[in-house]
Structure formats: structure tokens, C-alpha cells
Amino acid sequence: MRVVRTVEQLREALDYMRMGGHTPIGFVPTMGYLHEGHASLIRKAGEMSRTVVMSIFVNPLQFGPSEDFSSYPRDERRDLELAEREGADIVFIPAVEEMYPQPIRTRITVDSLTAQLCGASRPGHFDGVTTVVSKLFNMVQPDYAFFGLKDAQQVAVLRRMVSDLNMNVEIIACPIVREADGLALSSRNVYLGSEERTQALVLSRALREARKAIEAGAVQTVDQARGLLISVISSSPLAVIDYVEILSFPGLGALDGGSLLSGAEGEVIMALAVKFGRTRLIDNNVFIPKEVHALV
Ligand code: PAF
């Protein structure tokens, strides 16, 4: 595995792989502090590509002024061990000055899809994500790029960017990886105190209960599903809800007539963002209403 820190070294390493015929190139962009969710992305990239590139870069552009950029967890040595163990070939770890050598005057904005959910709670966040991912795509020029569905809005936004701008890369969305007790893996879980960690299980439980109620036909509208999610989450005294939304996926629009079961095209997302102490966690469940309807 090669570790490179400049764009020039990255391009040299990639030229070498391309000249040796080690294509397609799979790319896993991350902000480090890697966990089993990232490991699953590297493994998927390894199944679909002959060269796996991972980037580790905590991107200042996607953090708001009162967010956790400076305290975001970092552990390069552990990250490199995990990347090597899971089969990454090239790891790109640029400094902020390498990615942003001059004040950035060009930004990528995907509108409409970024107006709700995390886009509403974190103004400017998705411009930071789409801008850095475009830069990384230009540097790596991957055939495939791998993202976890825990950040489902990010997947929807990046797919739209790639399609609108004719970028020559396929976005591969990979399933959410959870702890055995249901907590969705996140680098930010490390912030949770032990009582917060226990109470945070309410998120996956709420999603499971809502799915069960929808499958049983007991819940048929967006309002009923939201009501159920909110009441389960509110049973945890430490939970402070940022949003609980049910929208079409990947369009992230309101469902026709507020009905979960009638005529919704494609998929539906139940998306949650909830704070436990100073830690904001997100979780979601994406399902196809017609398939759920068939179960009723
Ligand atoms: O999902 C993340 O870790 C980040 O948003 C990404 C895609 C690496 C961009 O900084």
C-alpha cells in the first residue's frame, strides 16, 4: 500500500497503476477515524476494482463555524493499519494547504436536494461536500466511488452532481453497517458517553418499529409514521430531535398525498437526526413502498 500526501504523488501513483493495466480504479473518500463501515466500502471497492484508492481528509469546507472541525477524531496510524488490512492500494492523505492552497473561489452547489434534512440543519455543508468530492474526483479520476447509505442524502446529492455534470464515475451506495445492538457506525459515536450511547439505540429501534408497523399495515401515512418515530425517540430522555422526515428517495420530495402506500414511485426514506448531549447522530431506513405494500 502506498501512502501519498500531495496531488502530484497521487497522480504519479495512479499513472503507474493505469500503465500496468490495474484498472478499473475504485475510490473510497473518507474523513478518517475509520470503522467497520469504511472497511466494508474498501472491501466492496476491492470486489469491483483492480486498484483501490482511499482518501483521508477532514474537509474544513463542510463544517459550520460552530461545528466540530477541530475536535473531529483523527488517528492516522490506526486508519493506515485498517486500510492496509482491508486491501487499499493507495491512501491519499493531503494537508488542508494541499487541498486548498489558495482561498477557494469556485464551489459546486446542488440545489433543491440540499434544502432539507441535513442541508437545512447544516447550512453550507453540502456545498463543502460536493466541492471537495469534485476536487477529489478530478485528482483520482475513478471509475467507481463508494459511499455509505448512512449519509443517504449525501449519496442522493453526489449522484445528482455526477449526473448533472457528466462526471465519468459511477457512485456505488453501500448498506449501513451497525453494531450488534443496532447503533449505526459513525466516527462521531466516540463522542458518546455511556448513558448517551445506551439511549442512542432508540434511533435504530424507532426505525425498526416504524418499518414493522408499515409492513403490518398499521401505519399508512407519513403523519402516522412520523408520529410513531417521534414517540419512540421521545421515550429516551436524552434525545433532542433535530429532524424526523419521511420523503421520496433519491428525490427527497414530499410523498404524494402524504400516503406511504399509494403510488409512491421508487424508494422512500425515513431519516432521523437526533442529538444526545453534544453529539448529533443520523440514521435512516430506505424502502420500496410497493414491496412493503405487497407484504400487507
Ligand atoms: O462522508 C464523508 O466522510 C465526507 O462527507 C466525504 C464524502 C469524505 C467528503 O469529505
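Numbering of residues begins at 1 and proceeds along the displayed sequence. Whatever order the structure lists them in is the order used to number ligands and atoms, beginning at 1.
When side chains are defined from C-beta on, D283 counts as touching I176, because their heavy atoms get closer than 4.5 Å.
Judged by the 6.0 Å distance and 45° axis criteria, R78 is positioned over the aromatic ring of Y33.
Within the structure, salt bridge (charged side-chain N to carboxylate O under 4.0 Å, His left out) contacts touching residues 137-149 (residues at least two apart or in different chains) do not occur. For residues 26-43, every residue pair satisfying the salt bridge (charged side-chain N to carboxylate O under 4.0 Å, His left out) rule, not counting sequence neighbours, is listed here: E36-R43, R43-E86.
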Can you give each donor-acceptor pair under 3.5 Å made by side-chain atoms of residues 106-115, sequence neighbours left out, with the distance rounded to 0.1 Å?
unit_1, atom_1, unit_2, atom_2, d
T109, OG1, D127, OD1, 3.3
T109, OG1, D127, OD2, 3.3
T114, OG1, V110, O, 2.7

List of N/O pairs, ligand 1 versus protein, all under 3.5 Å?
unit_1, atom_1, unit_2, atom_2, d
ligand 1, 1 (O), Q154, NE2, 2.8
ligand 1, 5 (O), Q62, NE2, 3.0
ligand 1, 5 (O), Q154, OE1, 2.7
ligand 1, 10 (O), Q62, OE1, 2.6

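Between F27 and F137, the ring-plane angle classifies as perpendicular under the 30° and 60° cut-offs.
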